[in-house]
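Working notes, beginning with the structure itself.
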Amino acid sequence: MSFLQKAANVAHKTTVSGLFGLLCFGMYNLTGQVIEGASSNKSSNSQAGFIKTLRDKAAEEYAKYYDISHREWYDKDDDSYLKKLPKPKDYQDK
């Protein structure tokens with residue numbers, strides 16, 4: 001019984017030490033990422049061009065909202081809205 005108890009103790013200590021080491025390693029990585037994020041000077045968003053395109057489209061649609069002289073009726077077979085979608089070449093920084 002003594003041999004099995006020692007083996008169980010060793011297995012338990014190994015498991016606990018491994019999990020504690022994993023926790024410490026995760027905390028080390030997380031702390032490094034937080035420090036790096038706080039000290040980085042990213043002034044522009046990587047999606048800034050796409051966001052600007054969406055804002056321009058929203059402003060265009062809002063300008064037409066109260067104009068009742070035209071109607072954009074729904075047509076089941078009409079796929080022209082797909083041609084109006086912004087393409088990556090339209091909003092990527094040059």
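Worth saying up front: this structure is predicted, and the values here are computed from it rather than measured.
- The environment of CD in E60 is crowded: more than 12 heavy-atom neighbours from other residues, nucleotides or ligands sit within 6.0 Å.
- The structure places CZ of R55 at 10.0 Å from NZ of K52, a figure rounded to the nearest 0.5 Å.
- Distance check: I51 CD1 to D56 CG gives 12.0 Å after rounding to the nearest 0.5 Å.
- The side-chain contact (heavy atoms from CB on, under 4.5 Å) test with H12 singles out one residue from N9, V16, T15, V10, and that residue is V16.
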